[in-house]
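Side-chain atoms are counted along with the backbone in the values below, which use heavy atoms only and exclude waters and symmetry mates. The chain is numbered in sequence order, starting from 1.
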Amino acid sequence: QVQLVESGGGLVQAGGSLRLSCAASGRTLSSVAMGWFRQSPGKEREFVAAITWSGFTTRYADSVKGRFTASRDNAKNTVFLQMNSLKPEDTAVYYCAARRYPSISGFPYEYADWGQGTQVTVSS
């Protein structure tokens, strides 16, 4: 089992940027796909972004496409989510998650390991 710890969340004004990090321990992430999800109060957890084990392929939710960028550093066992042009509707708890396979997925149930989440709040 892998332990995932997110960091980098916080309060930012609309139009600002944040960079989330997700550090893994217990198992290498170099062979598995990673995903980012978010959840707001009263809403279901939704897909944000995913990245293959190699980092060459990424997928984004339409709502963040062009503003968010997923990346990874397998040598540091860490994945990142760069969030630019943030909007109030991006406010949520953001979670990173690890699959057991190298291919990406947008479905939460296909991810085996989850971090505890980091709060992102965007003020208008």
Side-chain angles (χ1 to χ4, degrees):
Q1 187 175 0
V2 63
Q3 290 76 46
L4 303 173
V5 179
E6 301 96 336
S7 61
L11 174 64
V12 64
Q13 289 187 333
S17 299
L18 285 173
R19 188 190 194 208
L20 305 184
S21 299
C22 174
S25 61
R27 176 167 58 88
T28 180
L29 297 180
S30 61
S31 61
V32 300
M34 298 293 296
W36 287 94
F37 295 81
R38 65 187 182 187
Q39 189 167 19
S40 303
K43 295 186 178 180
E44 293 187 354
R45 191 165 298 189
E46 65 172 350
F47 170 74
V48 175
I51 185 167
T52 55
W53 70 272
S54 65
F56 290 154
T57 301
T58 53
R59 183 188 299 173
Y60 300 94
D62 288 343
S63 59
V64 307
K65 202 171 294 182
R67 301 187 297 122
F68 291 11
T69 303
S71 61
R72 64 192 298 163
D73 184 338
N74 286 339
K76 296 183 178 180
N77 231 22
T78 302
V79 294
F80 306 96
L81 184 67
Q82 177 67 42
M83 305 186 296
N84 298 328
S85 302
L86 283 161
K87 305 175 181 179
E89 51 264 43
D90 294 319
T91 295
V93 177
Y94 283 70
Y95 299 89
C96 71
R99 292 201 75 199
R100 299 289 172 86
Y101 307 99
S103 58
I104 57 179
S105 169
F107 300 106
Y109 62 82
E110 293 192 340
Y111 288 79
D113 301 291
W114 292 80
Q116 84 292 345
T118 185
Q119 177 71 47
V120 171
T121 303
V122 185
S123 63
S124 57

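- Minimum interatomic distance between Ser30 and Trp53 (heavy atoms only, all atoms of both residues): O-CE3, 3.1 Å.
- In terms of heavy atoms, Gln3 sits closest to Gly26 at OE1-CA, 3.8 Å.
- Side-chain contact, Ser63 with Arg67: no donor N or O sits under 3.5 Å from an acceptor N or O.
- Ala49 approaches Ala70 most closely through the heavy-atom pair CB-CB, 4.2 Å.
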(request) Evaluate side-chain contact (heavy atoms from CB on, under 4.5 Å) for Met83 paired with Asp90, printing each intermediate quantity in order. (result) CA-CA 10 Å; Met83 305 186 296; Asp90 294 319; over 6 Å; no
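- Of the inter-residue distances, the one linking Arg72 atom CZ with Asn77 atom CG reads 8.5 Å to the nearest 0.5 angstrom.
- Atom CG of residue Leu86 and atom OG1 of residue Thr91 lie 8.5 Å apart, to the nearest 0.5 angstrom.
- Formation of a donor-acceptor pair under 3.5 Å by the Glu6 side chain with backbone atoms of Cys96 is found in this model.
- Of all non-hydrogen atoms in Arg59 and Gly106, the two that sit nearest each other are NH1-N, 3.7 Å.
- Between Tyr95 and Trp114, the ring-plane angle classifies as perpendicular under the 30° and 60° cut-offs.
- A pairwise comparison of heavy atoms in Gln39 and Lys43 identifies NE2-O, 3.1 Å as the closest pair.
- Under the 4.5 Å side-chain heavy-atom criterion for grouping Ile, Leu, Val, Met, Phe, Trp and Tyr, Tyr94 is not connected to Tyr111 through any hydrophobic cluster.
- No donor-acceptor pair under 3.5 Å is formed between the side chain of Gln13 and the backbone N or O of Ser123.
- Expressed to the nearest 0.5 Å, how far CZ of Phe107 lies from CZ of Arg99 amounts to 10.0 Å.
- Between the side chain of Ser124 and the backbone N or O of Pro88 there is no donor-acceptor pair closer than 3.5 Å.
- One hydrophobic cluster holds both Val2 and Met34 under the rule that ILVMFWY side chains link at heavy-atom gaps under 4.5 Å.
- In this structure, the side chains of Arg27 and Asp113 come closer than 4.5 Å at one or more pairs of heavy atoms.
- Aromatic rings of Trp36 and Phe68 (six-membered ring for Trp) have centroids beyond the 6.0 Å cut-off, not under it.
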(request) Mind running salt bridge (charged side-chain N to carboxylate O under 4.0 Å, His left out) on Lys65 and Asp62 for me, showing each step along the way? (result) CA-CA 5 Å; Lys65 202 171 294 182; Asp62 288 343; 3.1 Å; yes
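- Atom CG of Leu4 sits about 10.0 Å away from atom OG1 of Thr78, to the nearest 0.5 Å.
- Screening Thr57, Ile51, Thr52 for a side-chain contact (heavy atoms from CB on, under 4.5 Å) involving Ser54 leaves a single residue, Thr52.
- Separating the CZ atom in Phe47 from the CZ atom in Arg38 is a distance of 11.0 Å, to the nearest 0.5 Å.
- Tracing side-chain contacts under 4.5 Å through hydrophobic residues (I, L, V, M, F, W, Y), one never reaches Val93 starting from Leu18; they form parts of separate clusters.
- In this structure, Leu81 CG and Thr69 OG1 are separated by 8.0 Å, a value rounded to the nearest 0.5 Å.
- The hydrophobic cluster containing Leu29 does not contain Phe80, counting ILVMFWY residues as joined when their side-chain heavy atoms lie under 4.5 angstrom apart, directly or transitively.
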